[in-house]
Amino acid sequence: MKQLILLFTILFSTALFAQTPTVSTIQPASGPSSGGTEVTILGTNLLTKVQCIVPCPALVTFGNITVPVKSETDTRLIVDTPPHAPGLVDVSVTVAAEQPVKITNGFMFTSDHDDTYEQVLLPVYLDGTINGAFGSVWKTDFWLRNDSDEAIQLAPWPCPPDLVCPPVYPLTKFLSSGESIHNLDPFFKAPNGNPSRLLYVSKPGVSMNLRFADISRSTLNAGTDLPLVRENAMRTGATQLFNVPMTSGFRVLLRVYEMAYTSAGFTVRLYDQSNLTASASPVHVLTLNATTSQTNDFRTEAAYTEFDITGLMALEKVWPAAVRIEITPDRPGSRYWAFASITNNATQLVTLSTPQ
């Protein structure tokens, strides 16, 4: 009997040892941050050896984003990469009932549109002026200066109306060292309520400033500087906006921008700002979907959605004086930005609550 138990122990230990997955190669080892690269992972023992009540295929994680396996054998897994911010990431392969296999710096996400350009979000950019509440008239001013020693390219750029341009997309604008521009040449598009503008800059060493101002009250204030969001500052997880007022003296507009997808959902939770406990329950939950009709690589706008937070006060409930807003993307691989613009009804002065 002891011999039989020992034999079973040896066989069981050998089986466990044989089941340990290994990874030898990731092909290719790089791809664009927009995702969609088909990657083959070669190794051994990549199929699960346990009986699962429901299907339990292997999972592959790039950075902190897990994707399903398209095809699997004991020596090969095939997956599509998710959208991800540019940079080196670890790759983990998880087979059911086994410890994950981690490949440090196993995959490089290159910048969309190859490594030539960095994507920059201008969250509110107006080609002219727009009328607002209480007689306000809003406009933006954008300044960009090339501080590098070499010429840079800005893309996409419209063809000047008096020229015939080559059939190449995107058209670009060259900016020599030390040269500045004030505002961007407009692209014609039908009004769609999307205030964003995407700009692609070929090199670092660029200074930029974007200001949003009510020109009808220019003697009272000079406007509000808006964040210019570079690729490495775009968010992938939950974002917190703190101390957003919920009183009748302010108008609060939540703006959400998505850069990786043309359509992406978000869950928004509002918490009483005065309740600092980790177990606090939200006072309100809503869902938003950011969209754009543009599908080309060099989009001129982000996918966008907005929500009138102050409008929630019409609901029959007791609201706190201020809330913390938590925005969570629903799609793995989302790269987004969000902020709340807070306008004083008396002065039209705008302040921002941005991600912290």
Side-chain angles (χ1 to χ4, degrees), residues 85 118-126 130 132 136 138-144 193-199 201 206-214 221-247 249-260 264-274 276 282-284 286 288-290 301-312 320-330 334-345 347-356:
E118 178 188 29
Q119 186 184 61
V120 180
L121 168 68
L122 284 62
V124 177
Y125 183 85
L126 305 176
I130 186 171
S136 57
W138 299 94
K139 73 182 295 289
T140 52
D141 272 303
F142 176 67
W143 295 90
L144 182 147
N194 188 331
S196 67
R197 178 77 179 259
L198 291 178
L199 183 65
V201 183
V206 174
S207 299
M208 293 179 284
N209 176 261
L210 177 63
R211 182 164 293 186
F212 189 48
D214 175 11
N221 74 85
T224 301
D225 284 346
L226 294 172
L228 289 151
V229 188
R230 297 176 182 267
E231 281 190 5
N232 61 4
M234 293 171 185
R235 317 293 284 195
T236 57
T239 291
Q240 309 290 331
L241 307 178
F242 293 100
N243 203 29
V244 177
M246 288 291 288
T247 62
F250 298 92
R251 306 192 306 276
V252 179
L253 189 65
L254 175 65
R255 303 176 185 268
V256 183
Y257 308 81
E258 170 64 40
M259 269 64 69
F266 297 86
T267 300
V268 180
R269 298 176 177 87
L270 278 63
Y271 296 87
D272 185 342
Q273 181 65 63
S274 65
L276 303 180
V283 297
H284 193 78
L286 59 105
L288 299 176
N289 192 58
E301 66 180 27
Y304 175 75
T305 186
E306 65 183 35
F307 187 81
D308 178 11
I309 294 293
T310 312
L312 291 174
V323 294
R324 171 174 60 89
I325 302 176
E326 180 182 82
I327 304 105
T328 305
D330 296 336
S334 172
R335 289 191 297 113
Y336 75 101
W337 181 259
F339 75 98
S341 57
I342 305 165
T343 306
N344 186 301
N345 287 330
T347 65
Q348 301 307 303
L349 180 65
V350 178
T351 55
L352 307 179
S353 179
T354 57
Q356 302 298 320

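The analysis underlying the following values was restricted to heavy atoms, covering all of them including side chains, and did not include hydrogens, waters or symmetry mates.
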Chemist: Does the pair L349 and T343 meet the rule for a side chain to side chain contact (heavy atoms under 4.5 Å, CB included), with working shown?
Modeler: CA-CA 6 Å; L349 180 65; T343 306; over 6 Å; no
Chemist: Has Q119 got a side-chain atom pairing as donor or acceptor with E231's backbone, closer than 3.5 angstrom?
Modeler: no
Chemist: Side chains of L270 and L312: closer than 4.5 Å at any heavy-atom pair?
Modeler: yes
Chemist: Can you name the nearest heavy-atom pair linking L241 to A340, along with the distance?
Modeler: CD1-N, 3.8 Å
Chemist: Contact between R255 and P195 at the side-chain level, heavy atoms closer than 4.5 Å - yes or no?
Modeler: yes
Chemist: How many angstroms lie between OG1 in T328 and CD in Q240, if you round to the nearest 0.5 Å?
Modeler: 7.5 Å
Chemist: Does any N or O in the side chain of Y336 come within less than 3.5 Å of the main-chain N or O of G237, such that one atom is a donor and the other an acceptor?
Modeler: yes
Chemist: Between F242 and R324, what is the shortest heavy-atom contact and its length?
Modeler: CE2-CD, 3.3 Å
Chemist: Do any N or O atoms from the side chain of N194 and from the backbone of A302 form a donor-acceptor pair under 3.5 angstrom?
Modeler: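 Looks like yes, one N/O pair under 3.5 Å.
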Chemist: List the atom of V283, the atom of D272, and the distance in Å for their closest heavy-atom pair.
Modeler: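 That closest heavy-atom pairing would be CG1-N, 4.1 Å.
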Chemist: Looking at side-chain heavy atoms only, is the closest gap between R211 and W143 below 4.5 Å?
Modeler: no
Chemist: Considering non-hydrogen atoms only, spot the tightest contact between Q273 and V323 and give its length.
Modeler: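 In terms of heavy atoms, the two residues are closest at OE1-O, 3.6 Å.
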Chemist: Below 30° counts as parallel, above 60° as perpendicular, anything between as tilted: where do the rings of Y304 and Y257 land?
Modeler: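 Answer is tilted, since the angle falls between 30° and 60°.
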Chemist: Under the side chain to side chain contact (heavy atoms under 4.5 Å, CB included) test, which residues partner N289, sequence neighbours left out?
Modeler: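 For N289 the side chain to side chain contact (heavy atoms under 4.5 Å, CB included) partners, ignoring immediate neighbours, are S263, T291.
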Chemist: Quick check: do L254 and I327 have side-chain heavy atoms less than 4.5 Å from each other?
Modeler: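 Counting from C-beta outward, L254 and I327 do come under 4.5 Å.
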Chemist: Any side-chain heavy-atom pair from L122 and V120 closer than 4.5 angstrom?
Modeler: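 Counting from C-beta outward, L122 and V120 do come under 4.5 Å.
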Chemist: Nearest 0.5 angstrom please: S207 OG to L144 CG, how far?
Modeler: 8.0 Å
Chemist: When rounded to the nearest 0.5 angstrom, what is the spacing between CD1 in I342 and OG1 in T224?
Modeler: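 Going from CD1 on I342 over to OG1 on T224, the span is 10.5 Å.
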Chemist: Measure the spacing between CD of E326 and OG1 of T239 and express it to the nearest 0.5 Å.
Modeler: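 Output value for this atom pair is 9.0 Å.
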Chemist: Does the side chain of V201 reach to within under 4.5 Å of the side chain of R230, using non-hydrogen atoms?
Modeler: no
Chemist: Report the distance from atom CG of D308 to atom CG of L253, rounding to the nearest 0.5 Å.
Modeler: 6.5 Å
Chemist: Going through the checks in order, is the side chain to side chain contact (heavy atoms under 4.5 Å, CB included) test met by Q348 and N221?
Modeler: CA-CA 9 Å; Q348 301 307 303; N221 74 85; over 6 Å; no
Chemist: Does any non-hydrogen side-chain atom of S334 lie less than 4.5 Å from one of F266?
Modeler: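 Heavy-atom side-chain distance check passes, below 4.5 Å.
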Chemist: Determine whether L199 and F142 satisfy the following criterion, side chain to side chain contact (heavy atoms under 4.5 Å, CB included), listing intermediate values before the conclusion.
Modeler: CA-CA 12 Å; L199 183 65; F142 176 67; 4.1 Å; yes
Chemist: Mind checking whether F307 and L286 have side chains closer than 4.5 Å, heavy atoms only?
Modeler: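 Yes, close enough: below the 4.5 Å cut-off.
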Chemist: Would the distance check show the side chain of S353 and the main-chain N or O of V244 forming a donor-acceptor pair, the cut-off being under 3.5 Å?
Modeler: no
Chemist: For G223 versus A213, what's the shortest heavy-atom pair and its separation?
Modeler: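 Looking at all heavy atoms of both residues, the closest pair is CA-CB, 3.7 Å.
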Chemist: Which atoms form the tightest heavy-atom contact between L210 and L228, and what is the distance?
Modeler: N-CD1, 3.8 Å
Chemist: Measuring from T305:OG1 to L288:CG, what's the distance to the nearest 0.5 Å?
Modeler: 4.5 Å
Chemist: Using a 3.5 Å distance criterion without hydrogens, assess whether the side chain of E258 forms a donor-acceptor pair with backbone atoms of A260.
Modeler: yes
